[in-house]
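To start, the structure itself, in structure tokens.
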Amino acid sequence: METNKNIQHNIERTLAAMDTIETVNVSPFFKGKTMNRLFAEKEEQQTVWSWFTPKIQLATLVCIIVLNIVAFTKLKETKYDENVSQFAETYGLSSNTTTSLLN
């Protein structure tokens with residue numbers, strides 16, 4: 001029974017303590033100031049790659065794609081095999097013509 005009296009006494013003390021709690025007065029600008037401090041710290045954490053913004057990333061990607069397309073079309077237009085064959089025949093490197101010392 002003593003434990004029940006102690007529990008009841010503890011409950012009454014807890015409720016009495018809740019009555020003594022006063023409301024906290026907060027500045028109306030507290031939230032704004034706190035948010036500004038949080039975001040200011042995040043902005044300072046930007047590192048070396050801060051100059052490589054999404055706009056520059058997109059422009060770089062477009063340039064690389066355009067260069068690849070231009071290179072691919074130029075590669076198809078050139079007649080690489082014909083040019084190599086002509087070069088080989090000009091300098092006597094062609095394997096199509098067989099020359100021997102006995103002819």
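- If you chain together hydrophobic residues whose side chains sit under 4.5 Å apart, M35 and V26 never meet in one group.
- Note: T34 OG1 to K31 NZ = 10.0 Å, rounded to the nearest 0.5 Å.
- Interatomic distance, N6 CG to I11 CD1, rounded to the nearest 0.5 Å: 11.0 Å.
- Summarising the local packing, CG of N25 is surrounded by 12 or fewer heavy atoms from other residues, nucleotides or ligands at distances under 6.0 Å.
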Show me the side-chain donor-acceptor pairs of residues 55-62 shorter than 3.5 Å, one per line, residues at least two apart or across chains.
unit_1 : atom_1 : unit_2 : atom_2 : d
Q57    : NE2    : F52    : O      : 3.2
T60    : OG1    : I56    : O      : 2.7

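- With values rounded to the nearest 0.5 angstrom, T73 atom OG1 is found 10.5 Å from N68 atom CG.
- Side-chain heavy atoms closer than 4.5 Å link hydrophobic residues (I, L, V, M, F, W, Y) into clusters, and following such links, even through other members, never connects V24 to I21.
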